[in-house]
Amino acid sequence: MSVLRVILAALVLAAAVFPPAAMAGARPIAIVGGTVIDGNGGAPIENGVVVIGDDVILAVGPSVDIEVPDDAEIIDASGQSVMPGLADMHIHLLGGWDGVSVDMLGYRRYLNAMLYAGVTTVLDTGNVMPYILQLRSATESGALDGPRIYAVGPLVEGADPFWPPISQIMTSASQAPAIVGQLNRAGVDAVKAYQGLSVPQLQALVLAAGELDLPVIADLWARSFTYDIVATGVAALAHLPSRIVEAPTLELLQANDVAVITTLAVKESFAEHRLQDLSFLEHPLIANTNPPQLSSALRDYAGATPSERRLQFREQYRRALAISKATARRLHEAGVMLVAGTDAPYPGTLYGEGLHRELELLVDSGLTPLQAIGTATKNAAALMLADDWGTLDPGKRADLLLVEGRPDRNIGDTRNVRVVIQAGRVVDRDALTFDESDGPVFAPGNPVDSAN
C-alpha cells in the first residue's frame with residue numbers, strides 16, 4: 001500500500017472515530033439550566049441541557065441524563081427558555097414598510113432585524129428573482145449576516161399581473177413545463193402560483209412542479225379555499241381565508257395534507273388595530289434595528305385622516321381578521337398543518353418583530369403557546385420538506401434561541417430574545433443593531449403594485 005493510501009486510510013478512520021467538531025478543534029457549546037422547548041409540541045424539559053458540536057445539535061435532555069463535555073463552552077440559561085430558531089414562512093425581502101414601496105438597497109437592515117429577533121429562517125414568497133437568489137447565496141456563504149433564505153423567485157401569474165415587477169406571466173397551461181423548468185434551473189425552493197391563474201393553469205403548474213419535486217404554494221385570493229383549487233394538489237395555501245371554509249373543502253385539505261400559511265399579522269395591519277397604539281414601535285426588536293424614519297412614516301400614516309376607501313378597507317379587514325382567527329382554530333383542530341408567516345412588510349407588520357406578533361395572534365385564535373411555536377419551527381421545516389432543522393433534536397442544525405421567561409406559558413415571552421445561535425455560532429446581536437454611521441438610509445423606491 002502506498003504512503004498516500006495509508007494517510008488517506010488514517011484520515012477516514014479518524015473521521016469515523018472523532019466527530020467533525022473535534023477534528024476541526026472547535027469547542028462544543030453546552031446550554032445548561034434552562035427550560036428546553038424542543039418544537040415538537042411535548043412538555044418542556046425543566047433544567048435541560050442542549051449540547052452543540054460544530055453546526056449541529058449533539059444531545060438534548062434533562063441535566064441528569066446528559067453528559068456535558070469537559071471542554072465545552074458553557075452558557076448558563078437559568079431563568080430562560082431554550083427553543084428552536086423561528087421561521088417566518090411568508091415575507092417579501094423587498095424592504096419598505098407599507099407593502100407597496102420598496103427599499104432593496106436597505107437589505108442589510110432588514111436581514112439584521114430578522115436575525116436580531118431570532119428569526120433564523122425565512123421563505124420569500126415573491127420577489128425579483130436574481131436579487132433574491134443573490135441574497136440567498138450571500139447569506140448561505142456567510143458574506144451577509146441574516147436568516148437562511150428559501151425563495152420562490154417570481155409569482156407565476158396570469159396575463160394581467162397585479163405585481164408586474166415580481167411576476168412571471170403565464171398565459172396558457174401549455175407553458176407550465178417551460179416556466180417551471182426555468183425556475184428549477186435558477187434554483188428556486190418552491191413555486192408560487194398567484195391570483196390570475198385559472199384552475200387548468202394551476203393544475204398544469206402543479207403537475208410540472210411535481211416532476212421536479214418542487215412544492216407549489218398558491219395564493220388565488222378569494223378562490224384559494226375552494227374545492228377546485230385544493231383538488232389541484234397544491235402543497236400549501238398562502239393566507240388564512242377571510243370566509244368560512246366549507247366542509248367538503250376542509251375534508252380535502254385534510255386528505256391532501258395541504259398546509260396553510262397563516263399571515264394573521266397582515267390582516268391585522270389592514271384592519272389597523274395595531275395603529276391605535278403605536279407603543280409597540282418602542283419595543284427593542286423594532287427600536288434597536290430600524291432607523292427613526294420608519295417609525296416616523298408609520299406615525300404619519302396612523303395619524304393621517306383616512307380616505308373613504310381606506311375606511312372601507314379597514315372595516316372589511318376587521319371582519320376578515322375575526323373570520324381568519326376563528327378559521328385558524330378550526331383548521332388546527334381538524335389536523336390541517338398551520339405554518340406561521342407574516343407577509344411583512346406592511347404598516348405595523350415589520351421584519352422580525354412581526355413574527356412574534358403572528359404567534360400572539362395565533363394564541364389569540366385558540367392555539368396553545370406550544371402549538372403556536374410549532375407553526376414557526378417544526379411545521380415550517382415540514383413545509384419545505386426539510387428534515388435537518390425546525391426542532392431541537394440530535395443531528396438537526398443548531399439554530400436556536402435563549403429567551404427570558406416561559407413562552408410555553410406566555411407566548412409574548414418569545415420576544416425576550418437574549419441569545420441567538422445560528423448553525424452552531426453565537427450571533428453578535430449588538431452588531432445587528434441600527435447605526436447611522438453604517439451608511440445612508442435610502443428613501444423608499446417606486447411601488448411594485450399594478451396600475452389597475
Side-chain angles (χ1 to χ4, degrees), residues 90-92 94-104 125-127 155 157-167 169 192-197 218-226 237-244 261-281 286 290 293-328 341-351 353-354 357-358 361 364-365 443-452:
H90 192 132
I91 62 170
H92 299 276
L94 290 162
W97 64 274
D98 59 359
V100 178
S101 59
V102 300
D103 179 19
M104 296 169 74
T125 53
N127 210 312
L155 309 172
E157 170 69 292
D160 297 307
F162 189 83
W163 306 95
I166 60 172
S167 296
I169 295 175
K192 176 76 173 287
Y194 209 57
Q195 61 90 30
L197 297 181
D219 180 2
L220 279 293
W221 293 12
R223 295 185 293 139
S224 286
F225 283 79
T226 59
L237 296 172
H239 310 295
L240 282 160
S242 300
R243 65 180 188 180
I244 302 299
I261 305 174
T262 57
T263 66
L264 291 170
V266 75
K267 285 191 169 69
E268 184 184 52
S269 170
F270 295 156
E272 299 191 9
H273 285 313
R274 241 186 161 191
L275 299 186
Q276 307 307 306
D277 179 3
L278 296 177
S279 61
F280 72 92
L281 294 174
I286 295 175
N290 289 282
Q293 292 93 321
L294 181 139
S295 291
S296 296
L298 273 171
R299 293 182 190 280
D300 290 345
Y301 179 79
T305 301
S307 65
E308 186 62 30
R309 181 182 180 186
R310 179 174 160 186
L311 286 172
Q312 292 174 355
F313 194 68
R314 182 171 69 189
E315 291 307 311
Q316 172 190 343
Y317 270 93
R318 288 185 175 179
R319 295 189 296 270
L321 178 61
I323 294 171
S324 294
K325 290 171 73 173
T327 303
T342 63
D343 206 7
Y346 276 95
T349 303
L350 306 177
Y351 295 123
E353 189 271 347
R357 182 59 185 157
E358 184 72 23
L361 290 168
D364 287 344
S365 302
N446 292 333
V448 297
D449 65 331
S450 171
N452 294 335

Visitor: Partners of R319 by salt bridge (charged side-chain N to carboxylate O under 4.0 Å, His left out), sequence neighbours excluded?
Guide: none

Visitor: When rounded to the nearest 0.5 angstrom, what distance separates CZ in R299 from CG in L294?
Guide: 10.5 Å

Visitor: Between H92 and H90, what is the ring plane arrangement, given parallel below 30°, perpendicular above 60°, and tilted in between?
Guide: perpendicular

Visitor: Which heavy atom in A328 sits nearest to a heavy atom in S365, and how many Å separate them?
Guide: CB-CB, 4.1 Å

Visitor: Under the side-chain contact (heavy atoms from CB on, under 4.5 Å) test, which residues partner S296, sequence neighbours left out?
Guide: none

Visitor: Measure from the side-chain N and O atoms of S224 to the backbone N and O of L220, and report whether any donor-acceptor pair falls under 3.5 Å.
Guide: yes

Visitor: How close do T226 and R223 get, counting heavy atoms only, and between which atoms?
Guide: OG1-O, 2.7 Å

Visitor: Checking A297 now: which residues fulfil side-chain contact (heavy atoms from CB on, under 4.5 Å) with it, not counting sequence neighbours?
Guide: W97

Visitor: Can you list everything that forms a side-chain contact (heavy atoms from CB on, under 4.5 Å) with S242? Sequence neighbours excluded, please.
Guide: K267, A320, S324

Visitor: Enter the distance from I166:CD1 to Y194:OH here, rounded to the nearest 0.5 Å.
Guide: 7.5 Å

Visitor: Are the side chains of P161 and L155 in touch, meaning some heavy atoms are under 4.5 Å apart?
Guide: no

Visitor: Only counting residues at least two apart or in another chain, list the ones meeting side chain to side chain donor-acceptor pair (under 3.5 Å) with D219.
Guide: H239

Visitor: Mind checking salt bridge (charged side-chain N to carboxylate O under 4.0 Å, His left out) for R318 and listing every partner two or more places apart, or none if nothing turns up?
Guide: E315

Visitor: Could you report the tightest heavy-atom contact between A344 and Y351, atom names first, then the distance?
Guide: O-CE2, 3.9 Å

Visitor: Any chance you could measure T263, atom OG1, to I91, atom CD1, to the nearest 0.5 Å?
Guide: 13.0 Å

Visitor: Would you please name every residue forming a side chain to side chain donor-acceptor pair (under 3.5 Å) with D98, sequence neighbours left out?
Guide: S101

Visitor: Working to the nearest 0.5 angstrom, can you tell me the gap between T349 OG1 and E358 CD?
Guide: 8.5 Å

Visitor: Measure the spacing between CG of L361 and NZ of K325 and express it to the nearest 0.5 Å.
Guide: 6.0 Å

Visitor: Just how far is it from atom CG of D364 to atom CG of L264, taken to the nearest 0.5 Å?
Guide: 9.0 Å

Visitor: Which atoms form the tightest heavy-atom contact between G196 and E157, and what is the distance?
Guide: N-OE1, 2.6 Å

Visitor: Taking side chain to side chain donor-acceptor pair (under 3.5 Å) as the definition, give me every residue that meets it alongside D300, ordered by chain and number, with sequence neighbours left out.
Guide: none

Visitor: Only counting residues at least two apart or in another chain, list the ones meeting side chain to side chain donor-acceptor pair (under 3.5 Å) with S167.
Guide: none

Visitor: Looking at every non-hydrogen atom in both residues, tell me the closest pair between E268 and L321 and how far apart they are.
Guide: CA-CD2, 4.0 Å

Visitor: Restricting to pairs with a member in residues 302-312, which pass side chain to side chain donor-acceptor pair (under 3.5 Å), not counting sequence neighbours?
Guide: E272-R310

Visitor: What residues, two or more places apart in sequence or in another chain, satisfy ring pair (Phe, Tyr, Trp, His ring centres under 6.0 Å) together with Y346?
Guide: F270

Visitor: Which heavy atom of L298 sits nearest to which heavy atom of L275, and what is that distance?
Guide: CD2-CD2, 4.5 Å

Visitor: Once salt bridge (charged side-chain N to carboxylate O under 4.0 Å, His left out) is applied, do any residues pair with E353, and if so which ones, sequence neighbours excluded?
Guide: R274, R415

